[in-house]
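Report on the structure given below.
Order of the sequence lines sets the chain letters (A, B, ...), proteins ahead of strands, with each chain counted from 1. Heavy atoms only: backbone and side chains are in, while hydrogens, waters and symmetry mates are out. Treat the numbers as computed from the prediction; the structure is a model and nothing was measured.
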Amino acid sequence: MLRRDPKCTLCKLHSTAKTVCLLGTGPSRCDVMVIGEAPGRYEDEKGQAFVGQAGRLLTDSLERAGINREDCYITNAVNCRPPDNRTPTKAEIRACKKWLEYQIAMVKPKYVLLLGNVPLLAALGTTGIRKARGKPVEKDGIIYLPTYHPAYILREPGQAAIFELDLATFHKIIDFGGIPEERELDYIIVDNDQRFEAMLKDLRGAVSSDLETTGLYPWAEGSRIVSIGFGTPRHQWIIPGETTSQWTRKQLEEMVERITERLDGCYLVGHNWKFDALWMRVRFGVEWVAQFDTMLAHFLLDENDQHGLKYLAQKFLGAPDWDVSKDVKMGWSPKMAKYHAHDLFYTLRLKQYFAKRLALDPEVKRVFEKIMMPCVELFTNAEFRGVYIDTPKMDEAEAYLRNELETARKELVKWGPDINWRSAKQVAELLFDRLEIEVIEMTKGGGRSVSESVIKRIDHPVASAMLKYRAADKQLSSFIEGWKPFLVNSRLHPSFKLHGTVTGRLSCEHPNLQQVPRDKRIRSLITAPPGWTLLECDLSQIELRIAAELSGERNMIYAFTHGIDVHWLTAIREIARGGGLVHEVMTTAKKYIELKQGAVTYITKNKVDASKLNYGDAIQIMLEMGPDNAASLLEDWKELRKKAKAVNFGYLYGMWWKKFKIYARDNYGVNVSDEQAADSRKAFFENYPDLPAWHDRQRKFVRAEGYVRTLSGRKRRLPQAMSRDNTLERQEAERQAINSPVQSFANELNLMAALQVREEYPRNVLHIVGTVHDAILFEVRDDYVERVTRRVLEVMSGPRLLKDFEIEMSVPIEAEAKIGPWGSGKDLHKWLSQ
DNA sequence: TTTGGCGGCGCG
DNA sequence: AAAGCGCGCCGCCAAA
């Protein structure tokens with residue numbers, strides 16, 4: 001056991017220090033050692049190292065990096081306090097080095113963190129912390145990582161990020177058991193049978209896999225897999241693929257088959273695995289299921305960051321930039337093999353690291369394991385199946401739209417024969433310069449806006465032709481022409497990105513299935529092939545239900561538990577308050593009573609007679625009959641509900657009345673006065689009095705913590721909310737803190753249901769072909785439509801996975817089904833009676 | 001010739 | 001003073 005020497009006289013510091021030879025603290029034998037500069041005033045007084053402000057910062061930062069201070073031996077390069085807070089001199093460092101060597105000999109650390117220039121000089125004999133920091137150095141079998149001293153961070157808070165990054169690097173080194181970038185790859189090109197057999201034997205435990213391909217779209221003409229790779233903790237195996245002459249097609253197929261068997265017992269790791277799984281499915285017809293996707297793991301750990309493999313490897317593992325040019329990646333070469341080996345190597349290493357990070361947050365980990373990873377497989381299948389397109393109908397739609405476009409164009413050329421009507425700039429010049437129409441709005445970039453909202457307000461014959469042109473042009477270019485390049489055997493294969501949004505919703509591209517117009521002419525092009533039926537099931541009013549659940553809003557909860565449509569409730573309450581539409585309310589209510597052959601009973605159990613109907617009762621009856629009944633009696637009510645829906649979402653998520661004014665004008669051509677608009681907002685919160693407190697709770701939480709969580713535990717990090725000043729960014733973050741848990745959980749419910757339904761039916765009966773935020777699209781075999789529809793609605797109103805997440809909802813969840821071509825499907829009742 | 005920002009607009 | 005949230009795609013246009 002090492003003994004300190006309070007009578008040490010190796011340098012002059014003993015004469016001024018209160019505590020002479022203040023040695024370190026921590027386990028006398030451990031892997032990790034931290035070396036600081038010298039005791040400060042507080043340490044000197046206390047006789048204990050690293051207990052001041054800088055010590056606390058060190059402890060916190062170590063913890064954030066995943067290192068427990070208790071597991072480290074912490075000491076200083078110089079063990080007596082230099083007077084006047086000066087740094088130790090070189091001579092003092094040299095003199096005290098003996099003590100440092102004793103301590104190292106005792107502790108026998110594998111990894112040493114050097115805090116600042118003084119320990120850098122003491123341990124490695126070099127100076128220049130700015131250059132040396134962040135770069136690990138190996139000496140006498142010990143890995144040293146220099147970084148700044150925490151005291152420097154206290155003085156220069158701007159350097160905190162770098163300090164944290166270095167500590168993260170340090171953690172990685174500990175975790176990895178060495179300096180990542182210095183550890184050599186050991187890759188083997190599988191170019192003969194012996195190597196293939198050796199590879200199979202090596203495929204056990206955690207195995208990373210990755211493909212190199214000729215492109216991004218596996219259905220494209222000439223798409224091929226260039227190489228198939230596997231990474232183990234021992235080797236990286238690269239199999240020359242379809243574009244090489246190393247193996248015949250038959251040999252490759254046999255190899256893939258044997259690998260498939262072997263992978264059964266492995267823990268398969270991929271980065272954006274859906275991509276690779278899809279390629280293997282398309283090119284070889286095999287289904288390789290991964291247990292860990294490093295891209296999705298990082299997405300859950302930081303949704304605000306990028307998730308590319310190279311970026312992450314460099315950020316977390318200190319990897320070099322191993323990227324090569326595009327043409328190297330697309331063709332087989334030794335250079336490409338090495339590149340491929342890097343992908344495999346770092347995918348496996350990232351898995352080690354992210355698995356530990358996920359383990360620190362069990363809630364997020366559960367989302368990863370129970371939702372994200374199962375969804376990788378679900379969407380691989382959805383994308384592989386694709387959506388079926390009614391191509392003859394598509395041709396008809398195209399002809400119709402081309403005709404529309406031409407008609408509009410003929411009208412437009414009367415006003416500007418030489419104008420490119422797709423150019424906002426040229427249109428603005430025509431309208432506001434040549435035709436001298438008054439400028440109505442400016443764009444964000446300072447141009448004169450020619451948006452739909454502006455054109456609608458222009459009283460000139462050119463305006464209506466413009467709107468017609470735009471509508472036809474948009475549909476034609478985005479949904480007819482835009483789809484053609486992706487059409488393969490009458491199917492589109494959109495790509496769903498599980499990491500596509502900060503809230504956890506999916507995004508979709510190539511093409512985007514989630515932005516298909518509701519216009520039947522386009523939407524109904526998506527259908528099912530003969531023998532199958534398209535089924536769409538959506539969670540009704542799901543965001544409002546979740547908002548009601550989270551806020552505990554009494555009126556919303558009442559409405560949902562009593563089967564009242566909340567958008568309708570808002571609409572009716574607004575009418576009752578404003579006192580408008582008296583005539584319409586009375587006649588609709590009367591008609592309803594007559595329809596019901598006399599008296600009706602409404603929720604308050606009062607009996608109402610048509611002849612003695614008063615306005616208050618009429619309002620109650622309107623509420624009870626709901627929007628569909630009302631609309632069947634008077635068309636106008638449909639619009640009204642739509643308007644209320646926008647009001648609900650707008651005000652719910654923090655919209656201000658000024659925006660409501662704009663909304664009312666653009667969507668309903670209603671010019672609302674400032675007073676009316678402000679009043680409508682007030683009324684909304686009077687109708688739903690518990691919402692403000694929920695808004696406040698969310699704001700307070702996000703300001704204090706810098707994040708919010710969904711019911712499932714998924715995190716939305718909003719560091720901007722922690723700003724001390726009430727900046728625009730902070731307010732934005734606060735609104736996101738309100739919206740995010742709602743939007744996020746709505747999506748998760750949808751995914752939970754999709755996962756369960758998929759599990760319950762085999763693929764010869766049902767395919768999920770896509771999701772649209774709160775809806776699932778299926779293809780169902782004709783003879784199963786009724787059974788499946790009933791079951792899907794059941795599952796969506798309470799997926800089993802909620803139990804795994806210990807979520808109990810007091811607000812009921814309901815789902816609706818539409819059977820038939822998308823956008824023109826019928827509900828089950830109508831479908832059965834056809 | 002390619003890239004990125006912008007305006008505009010489709011969806012939940 | 002200013003205040004819904006979340007996306008992708010099209011074409012234009014200027015810069016590289």
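Inspection of the A/D305 and A/Y311 side chains reveals an N or O donor paired with an N or O acceptor under 3.5 Å. Judged purely by distance below 3.5 Å, without hydrogens or angles, the side chains of A/D390 and A/T527 never pair a donor atom with an acceptor atom. Of the N and O atoms on the side chains of A/T503 and A/T501, at least one donor lies less than 3.5 Å from an acceptor on the other residue.
As judged by a 4.0 angstrom heavy-atom cut-off over every strand, A/D473 is placed among residues making no nucleic acid contact. Within the nucleic acid shown, A/E481 has no heavy atom closer than 4.0 Å to any nucleic acid atom. Heavy atoms of A/E509 sit under 4.0 angstrom from primed sugar atoms or phosphate atoms, though from no base atom. Residue A/S740 is out of contact with every strand shown, counting any heavy-atom pair closer than 4.0 Å. Backbone-only contact: A/Q426 has heavy atoms under 4.0 Å from sugar-phosphate atoms and none from a base. Among the heavy atoms of the strands lying under 4.0 Å from A/V516 are primed sugar atoms or P, OP1, OP2 only; no base atom is included. Backbone-only contact: A/K444 has heavy atoms under 4.0 Å from sugar-phosphate atoms and none from a base. Looking at heavy-atom distances under 4.0 Å, A/R681 makes no contact with the nucleic acid at all. Residue contacts for A/K474: at a heavy-atom cut-off of 4.0 Å it reaches a base atom on one of the strands shown.
Contact annotation: side chain of A/R470 to base of B/dG8, donor-acceptor pair absent below 3.5 Å. One cannot find a donor-acceptor pair under 3.5 Å joining the base of C/dC9 and the side-chain atoms of A/Q515.
The main-chain N or O of A/Y663 is found under 3.5 Å from a side-chain atom of A/N667 such that the two form a donor-acceptor pair. Proximity of a side-chain donor or acceptor of A/T443 to a complementary backbone N or O of A/R448 within less than 3.5 Å is not detected.
Distance CZ (A/F479) to P (B/dC11): 7 Å, rounded to an integer number of Å. One interatomic measurement links the two molecules: CD of A/E303 to P of C/dG6, which rounds to 11 Å at whole-angstrom precision. Separating the NZ atom of A/K642 from the P atom of B/dC11 is a distance of 10 Å, rounded to the nearest angstrom. Going from atom CG of A/N420 over to atom C1' of C/dG11 covers 8 Å, rounded to whole Å.
Shown here, C/dG4 forms no base pair; nothing in the strands shown gives a Watson-Crick or G-U wobble contact with both key distances under 3.5 Å.
Near DNA chain C, meaning a heavy atom under 4.0 Å away, the residues from residues 726-738 of chain A are A/Q731, A/E732, A/R735, A/Q736.
For the pair A/R521 and A/Y400, the cation sits on the ring face: its NZ or CZ lies under 6.0 Å from the ring centre, inside 45° of the axis.
A distance of 4.0 Å separates CZ in A/R554 from CG in A/D690, rounded to the nearest 0.5 Å.
Residue A/V772 places its side chain closer to B/dG12 than to any other of C/dG6, B/dG12, C/dG8.
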